[in-house]
Amino acid sequence: MARVCQVTGKKPLTGNKVSHSNIKTKRRFLPNLQTKRFFFAEEDRWVTLKVSADAIRTINKNGLATVIKQLRADGVKI
């Protein structure tokens with residue numbers, strides 16, 4: 001599976017690593033992804049999602065049911 005958050009869609013960004021002598025080389029900025037299990041009470045089962053730390057905060061704020069409803073509307077199989 002790619003390094004993409006299932007909720008927010010965050011992906012790796014590219015940029016430059018800058019040395020002390022100001023030499024620039026390409027590098028990747030990876031999102032802070034976690035594989036997390038959430039208990040989905042409406043269906044009485046566990047759901048495993050690959051989410052960023054920002055998405056975990058979103059789930060805590062909006063609720064898991066709301067987030068899963070939006071994911072299913074976007075066509076993601078959960």
Side-chain angles (χ1 to χ4, degrees):
M1 185 183 246
R3 290 186 173 112
V4 178
C5 176
Q6 289 181 301
V7 175
T8 61
K10 288 188 177 193
K11 300 178 191 176
L13 298 173
T14 58
N16 288 318
K17 178 179 178 182
V18 182
S19 69
H20 180 69
S21 61
N22 209 30
I23 296 171
K24 294 167 185 73
T25 55
K26 283 294 189 184
R27 63 158 290 184
R28 295 176 80 197
F29 293 94
L30 299 176
N32 184 10
L33 293 183
Q34 314 292 326
T35 302
K36 185 104 171 84
R37 289 176 70 218
F38 297 97
F39 186 72
F40 192 32
E42 283 77 4
E43 295 180 5
D44 194 36
R45 68 185 185 104
W46 289 92
V47 176
T48 302
L49 297 173
K50 193 171 191 180
V51 292
S52 63
D54 183 39
I56 294 173
R57 296 182 68 210
T58 302
I59 291 170
N60 286 338
K61 180 179 178 181
N62 298 335
L64 182 63
T66 307
V67 172
I68 287 181
K69 184 178 176 184
Q70 290 174 351
L71 286 174
R72 287 180 174 160
D74 293 338
V76 178
K77 183 178 181 241
I78 301 280

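Keep in mind the model is a prediction, meaning the values are calculated, not measured.
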Please round to the nearest 0.5 Å and tell me the distance separating atom [atom1] of [X] and atom [atom2] of [Y].
{"X": "I68", "Y": "E42", "atom1": "CD1", "atom2": "CD", "value": "8.0 Å"}
{"X": "T66", "Y": "K61", "atom1": "OG1", "atom2": "NZ", "value": "12.0 Å"}
{"X": "R27", "Y": "N16", "atom1": "CZ", "atom2": "CG", "value": "10.0 Å"}
{"X": "K50", "Y": "K36", "atom1": "NZ", "atom2": "NZ", "value": "16.0 Å"}
{"X": "L33", "Y": "L49", "atom1": "CG", "atom2": "CG", "value": "11.5 Å"}
{"X": "S19", "Y": "K24", "atom1": "OG", "atom2": "NZ", "value": "8.0 Å"}

Salt-bridge criterion met for R72 and E43 (N-O under 4.0 Å): yes
Nearest heavy atoms of [X] and [Y], plus distance in Å:
{"X": "A55", "Y": "C5", "value": "CB-SG, 3.7 Å"}
{"X": "V18", "Y": "N22", "value": "CG1-OD1, 3.2 Å"}
{"X": "P31", "Y": "R3", "value": "CG-O, 3.9 Å"}

Working for side chain to side chain contact (heavy atoms under 4.5 Å, CB included), residues V47 and F39: CA-CA 6 Å; V47 176; F39 186 72; over 6 Å; no
F40-L71 co-clustered via ILVMFWY side chain contacts under 4.5 Å: yes
Same cluster (ILVMFWY, side-chain, under 4.5 Å), V4 and L30: no
Residues which pass side chain to side chain contact (heavy atoms under 4.5 Å, CB included) with T48, listed by chain and number, not counting sequence neighbours: T35, R37
